[in-house]
Structures are given as structure tokens and as C-alpha cells.
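Predicted model only: the values in this text are computed from it and were never measured.
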There are 2 protein chains.
Amino acid sequence: MLTDEYRYKIFKLVEANPEVSQRELARKLGISLGKTNFCLKALIDKGLIKVNNFRNSNNKLAYAYKLTPSGIDEKANVTIRFLKKKMKEYELLKQEIENISQEVRHDSH
Amino acid sequence: MLTDEYRYKIFKLVEANPEVSQRELARKLGISLGKTNFCLKALIDKGLIKVNNFRNSNNKLAYAYKLTPSGIDEKANVTIRFLKKKMKEYELLKQEIENISQEVRHDSH
DNA sequence: TTCATGCGTTCAACAAATGAACACAAAATA
DNA sequence: TATTTTGTGTTCATTTGTTGAACGCATGAA
């Protein structure tokens with residue numbers, strides 16, 4: 001399942017390091033290789049990321065994942081969406097902590 | 001899967017309203033009836049909650065879920081554990097929001 | 001008696017995630 | 001050159017977690 005969390009993180013990681021492998025991506029995302037492949041391919045299929053084969057400094061064939069122009073746009077959108085979601089979570093969490101703290105104080109007195 | 005979140009919420013809901021049905025519990029927990037039954041039974045099997053059959057004011061047979069003495073102890077423990085977990089989440093979330101906010105500011109300038 | 005309601009319980013079906021296994025290409029080694 | 005090793009993306013059977021319709025049962029209502 002491809003959520004904004006993974007959209008955001010994949011865009012960010014790929015932009016920072018286009019030569020990242022799917023295995024390393026999986027490790028950094030904290031998810032399995034299979035899911036990483038699924039999410040990444042979804043972004044590729046939508047034309048937001050493209051795959052380049054290129055020769056690196058050692059003349060070795062390597063993969064590079066690059067954000068397309070629409071991918072760059074989408075990264076900005078997703079980042080804002082994800083941030084807003086996190087800020088909402090933050091407020092809810094703050095309230096929940098206050099509520100539980102009050103329960104704890106109340107129960108122990 | 002029975003996590004501290006549901007342990008905490010079930011203890012709290014059952015203590016506040018022992019006559020709650022599993023369907024109402026499910027609704028308040030925001031999970032399915034099957035999962036509610038699974039979690040509640042786990043707490044019953046551990047001797048933390050006991051089931052009473054009793055006659056209510058209309059002489060109708062009804063169920064009541066009551067925290068046992070060890071259940072009351074465990075509720076206090078779980079509440080503290082859950083609160084600590086939420087406070088850790090809170091700090092992580094705060095940091096994450098700061099990081100993303102900075103990215104957004106940086107990218108748009 | 002018969003029907004309707006509401007209870008806990010079950011479990012087939014679904015959804016999501018995993019990671020071992022695979023085909024392939026390049027590099028390293030014999 | 002030929003062979004083995006390494007590292008890539010890809011696949012998919014398996015596992016894990018969740019759902020909610022369906023069931024048996026007990027009570028109240030008709």
C-alpha cells in the first residue's frame with residue numbers, strides 16, 4: 001500500500017541519492033524489499049520517477065532513479081500533505097497525552 | 001493483535017461501563033467485532049477481567065466485564081507504559097515536523 | 001408457541017507485508 | 001577465455017492481521 005508517508009520518503013531518498021538500490025531503500029524506509037519494489041514501481045508507472053541506466057565512474061552499469069518534472073511537483077505536494085497530516089497527528093497526540101496524564105494523576109490520588 | 005493501546009482502552013472502557021457489549025466496545029475502539037472479541041478474551045484468559053452474569057433492573061440476564069484485582073494493577077502499569085510510548089512518539093513527531101518544515105522552507109526559496 | 005432482538009463466538013474471506021528464490025548482467029577470479 | 005561471485009530488480013507463495021456475516025443461544029414481545 002502506497003501512502004503519502006512512503007511517497008514522501010521515497011522522493012526524498014531518491015532525490016538525495018539517485019543511485020540507491022531497492023534493498024538499501026527498503027532498509028532506510030524500514031519496510032520489506034517487496035513492498036519497496038511495489039511502491040517504487042507505482043511512482044515509476046505514474047511517470048513521477050524514471051529509471052536511468054548509466055555508466056558510473058568505474059564504467060559499471062548502474063541504476064539511477066530520478067524524479068521527473070512532474071515528480072518534482074508531486075514531491076512538493078506530497079510533502080505539504082504529509083506535513084499537514086503530521087501536524088494534525090501532533091495536536092491529537094498532545095491532547096491524548098494530556099488526557100492520560102490527568103487520568104494517571106487522578107487515579108494515584 | 002493485542003497491543004498496549006487496546007489493553008489500555010479496554011481496561012478504561014470496561015471500568016467506566018462494565019455492561020458494555022462487545023459490539024459497542026468495537027465501535028468505541030474503532031476496530032472490528034472479531035478483533036474486539038479476540039482482545040477481550042485474551043484479557044479474560046489472563047485473569048485480568050472477569051465476566052459476570054447478572055440480572056439487571058429489568059431482571060434481564062446481562063453480561064458485565066469487571067477488572068479483577070490483578071487487572072486493576074495491570075491497568076495502572078499499561079497506562080503508564082502507554083503514556084510513555086505516546087510521549088516518545090510526541091517527541092519524535094515534533095522533531096519530524098521541524099525537519100519537514102525546514103525542508104519546505106528550504107525548497108521554496 | 002412463535003417471532004424478534006441482542007448477546008458472544010466463530011471462521012472463511014480478504015488485505016497487506018514479507019523475504020526467499022529467481023533471472024540476469026557485470027566483476028572478479030582461475 | 002571460462003567460471004564463479006556479487007549485486008541488481010522482480011516475483012509470488014507464505015505468513016500475518018483484520019474483517020464482518022453467520023451461527024447458536026437466551027430472553028422478551030407478540
Inset, instruction - Starting at atom NZ of B:K35, determine the distance to atom C1' of C:dA16, rounded to an integer number of angstrom. - result: 14 Å
Inset, instruction - Please report, rounded to the nearest Å, how far the P atom of C:dA21 is from the CD atom of A:Q22. - result: 19 Å
Inset, instruction - Hey, could you give me the NZ/NZ distance between B:K12 and B:K28, rounded to the nearest 0.5 Å? - result: 10.5 Å
Inset, instruction - Grab the CG-P distance between A:L40 and D:dT10 for me, whole Å please. - result: 8 Å
Inset, instruction - Please state how far atom CG in A:L33 lies from atom P in C:dA21, giving the value in whole angstrom units. - result: 14 Å
Inset, instruction - For the side chain of B:M1, starting at C-beta, report the closest nucleotide among C:dA21, C:dT10, D:dT18. - result: D:dT18
Legend entry - Any donor-acceptor N/O pair, A:S70 side chain to A:L48 backbone, under 3.5 Å: no
Legend entry - Side chain of B:Y63 (C-beta onward), nearest among D:dT19, C:dG19, C:dC7: C:dC7
Legend entry - Spacing between B:L2 atom CG and D:dT18 atom P, to the nearest angstrom: 10 Å
Inset, instruction - Starting at NZ of A:K94, measure out to CG of A:N99 and round the result to the nearest 0.5 Å. - result: 12.5 Å
Legend entry - B:E19 CD to C:dG8 P, straight-line distance once rounded to whole Å: 12 Å
Inset, instruction - Please confirm whether the backbone N or O of B:R23 pairs with a side-chain atom of B:T36, one donor and one acceptor, at under 3.5 Å? - result: no
Inset, instruction - Check if the side chain of B:R23 and the base of C:dG8 share a donor-acceptor pair of N or O atoms closer than 3.5 Å. - result: yes
Legend entry - Integer-rounded Å distance: D:dG20 P and B:F38 CZ: 17 Å
Inset, instruction - Write down the distance between CG (B:N37) and P (D:dT18), rounded to a whole number of angstrom. - result: 14 Å
Inset, instruction - Look at the side chain of B:S21 and decide which nucleotide, out of D:dG9, C:dC7, D:dG20, has an atom nearest to it. - result: C:dC7
